Amino acid sequence: MPRLMDTIENLQDFTFLTIDIFKNISTVKKNYKDTIREMYVIGSQAFLLAMLGGLFAGVILAIEAGHSLDKFGAVLLVGRTVSYGMIRELGPVVTGLLLAARTSAKNTSEIGAMQLSEQIDALKAFGISPVEKIVVPRVVAALVMFLPLTLVADITGVVFGMLVTKMTFNVDIVYFWTTAIKVLEFKDIFVGTVKPIFFAFFIASVSCYYGLKTKGGTTDLGINSISAVVVTTTLVLLIDFIFTKVVWEIM
């Protein structure tokens, strides 16, 4: 029962934080330097991570799909499989999971340290909203950068999947690329590009929430950092399920 009450309280506090984020979203102009810095740390420095995630996802998908399809003499369908898999599922989800771990740990540890060192209280004493100064720049930076990083993973996965398919199954590169592009429909691209936006918002906001609620010292900071990573990765999978099941059937 106490755990249930704590969960309800956390949901309530997170809801209030979300409302404050939307109320203060227009103040990002005043803190554009903080936003640009966060875009660099959250986005640009994660470029290699997203590329490697897409690379290995695309290569593994191409090899597994190729061997399975080869049993039925349908190895030429590998291009379609890799394209579908990367654009709709693996690209967004693998990138989301990697960024959930990286961004959540960063935001929670930074904001939690500020909370423990009373920097948050100092901001409030000067009449500065912590949500406006600290949370909003991180949320906006994630919203701006997660989609390009996902596209990097998508393209890398498809390109390296194509190269592996050529080397392993001798499928013509031009044929692979042509089928990979032609098979995509609007709903595939829509789902693949909207998912990262939802991932970005919840990863950034949840990790900031856990940072702000840090109270009891470094031990509590460690626990909250772990909780932020666990919750955000779970949300990535949940949001992916919702889009795959609900949005796909609606469209």
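The model shown is predicted, which means the values in this text are computed figures rather than measured ones.
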Legend entry - Criterion side-chain contact (heavy atoms from CB on, under 4.5 Å) against Y210, the qualifying member of S104, S227, S109: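 The side-chain contact (heavy atoms from CB on, under 4.5 Å) with Y210 is passed solely by S227 among S104, S227, S109.
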Inset, instruction - Applying side-chain contact (heavy atoms from CB on, under 4.5 Å) between V140 and each of D34, T27, I21, T35, report the one that passes. - result: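 In the set D34, T27, I21, T35, the residue that makes a side-chain contact (heavy atoms from CB on, under 4.5 Å) with V140 is T35.
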I'd like to know if the side chain of [X] reaches the main chain of [Y], judged simply by a donor and an acceptor atom lying under 3.5 Å from each other, with no hydrogens or angles considered.
X	Y	result
T95	P92	no
S117	M114	yes
T233	V230	yes
N24	E132	no
T156	V152	yes

Looking at every non-hydrogen atom in both residues, tell me the closest pair between [X] and [Y] and how far apart they are.
X	Y	answer
L61	M86	CD2-N, 4.2 Å
A200	A142	CB-O, 3.3 Å
V171	L76	CG1-CD2, 4.1 Å
C208	R138	SG-CD, 3.8 Å

Legend entry - Linked, directly or transitively: V144 and V28 (ILVMFWY side chains, under 4.5 Å):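 The answer is yes; both residues are in one hydrophobic cluster.
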Legend entry - Carboxylate-amine/guanidinium proximity below 4.0 Å for R88 and E185: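 Salt bridge: no.
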Inset, instruction - Taking the side chain as every heavy atom from C-beta outward, state whether V135 and Y209 have any atom pair closer than 4.5 Å. - result: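 No. Closest side-chain heavy atoms not under 4.5 Å.
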Legend entry - K213 side chain near D13 side chain, heavy-atom distance below 4.5 Å: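 No - every pair of side-chain heavy atoms lies 4.5 Å or more apart.
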Interatomic distance, [X] atom [atom1] to [Y] atom [atom2] [nearest 0.5 angstrom]:
X	Y	atom1	atom2	result
K215	N224	NZ	CG	10.5 Å
D70	L77	CG	CG	11.5 Å
L69	R80	CG	CZ	11.0 Å

Legend entry - Centroid-centroid distance, F243 to F199, less than 6.0 Å: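 Judged by ring-centre distance (under 6.0 Å), F243 and F199 do not meet the cut-off.
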Legend entry - Chi angles and distances behind the side chain to side chain contact (heavy atoms under 4.5 Å, CB included) call for V183, T179: CA-CA 6 Å; V183 76; T179 55; 5.9 Å; no
Legend entry - Crowding at CZ, F201 (>12 non-hydrogen neighbours, <6.0 Å):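 Above 12, so yes.
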